[in-house]
Amino acid sequence: MAEVATDQLQVWVDQDLCTGDGLCVQYAPEVFEFDVDGLAYVKGPDGELVQAPGGRVDVPEHLRLEVIDSAKECPGECIHVVRGGDGVEVAGPEAED
């Protein structure tokens with residue numbers, strides 16, 4: 001788990017699986033936001049939603065736990081948190097527990 005603490009993390013949402021439940025927006029509103037389609041998207045530091053499929057944003061260091069919890073608790077299993085260096089998923093449906 002020490003690797004997660006030092007590596008830059010990135011996050012993205014698979015809108016095809018998003019249920020619109022909103023847990024992610026509650027956990028980390030600085031990172032996740034609903035669009036008019038009722039689905040969650042990640043947003044960059046400028047507040048702009050990243051709407052390209054698979055589009056990633058860096059996870060702010062002070063929100064790592066909230067973003068990881070979002071991925072673990074998401075009922076749609078659509079949030080992917082990956083290490084920026086090698087793309088290994090550390091939280092989400094493809095993460096190894």
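Cluster membership for V90 and V11, using ILVMFWY side-chain heavy atoms within less than 4.5 angstrom, is shared. Hydrophobic clustering places I79 together with I68 (ILVMFWY residues linked when any side-chain heavy atoms are closer than 4.5 Å, directly or through intermediates). Cluster membership for V59 and V42, using ILVMFWY side-chain heavy atoms within less than 4.5 angstrom, is shared.
When hydrophobic residues (I, L, V, M, F, W, Y) are linked wherever their side-chain heavy atoms come within less than 4.5 Å, the members clustered with L39 are Y41, L49. Other members of the cluster containing V88 do not exist, because no ILVMFWY side chain is joined to it at under 4.5 Å.
With rounding to the nearest 0.5 Å, the separation of CD in E33 from CD in E48 is 9.5 Å. Here the straight-line distance linking atom CG of D14 with atom NE2 of H80 works out to 5.0 Å at 0.5 Å rounding. Residue F32 holds its CZ atom at 9.5 Å from CG of L63, rounded to the nearest 0.5 Å. Distance check: E89 CD to E96 CD gives 10.0 Å after rounding to the nearest 0.5 Å.
A donor-acceptor pair under 3.5 Å is formed between the side chain of K43 and the backbone N or O of P29.
The side-chain hydrogen bond (donor to acceptor under 3.5 Å, both in side chains) check on D46 picks up nothing, with sequence neighbours excluded.
A salt bridge does not link D69 with K72: none of the charged nitrogens is closer than 4.0 Å to a carboxylate oxygen.
Residue A71 comes nearest to G92 through the heavy atom pair CB-N, 3.9 Å, listed as atom of the first residue, atom of the second, then distance. Shown here for C18 and C78, the closest heavy-atom pair between the two residues is CA-SG, 3.7 Å. Between G76 and T19, the shortest heavy-atom contact is CA-CG2, 3.7 Å. The two atoms that bring R56 and V50 nearest to each other are N-CG1, 4.4 Å, heavy atoms only. Taking both residues in full, the closest heavy atoms of G20 and F34 are given as O-CZ, 3.6 Å, listed atom of the first, atom of the second, then distance.
Using a 4.5 Å cut-off on side-chain heavy atoms (C-beta onward), L9 and R83 make contact. Counting only heavy atoms from C-beta outward, the side chains of V81 and W12 never approach each other to under 4.5 Å. Looking at heavy atoms from C-beta onward, E77 lies out of side-chain contact with L17 at the 4.5 angstrom threshold. For the pair Q15 and V13, the minimum side-chain heavy-atom distance is below 4.5 Å. Counting heavy atoms from C-beta outward, P75 and L23 have side chains that approach closer than 4.5 Å.
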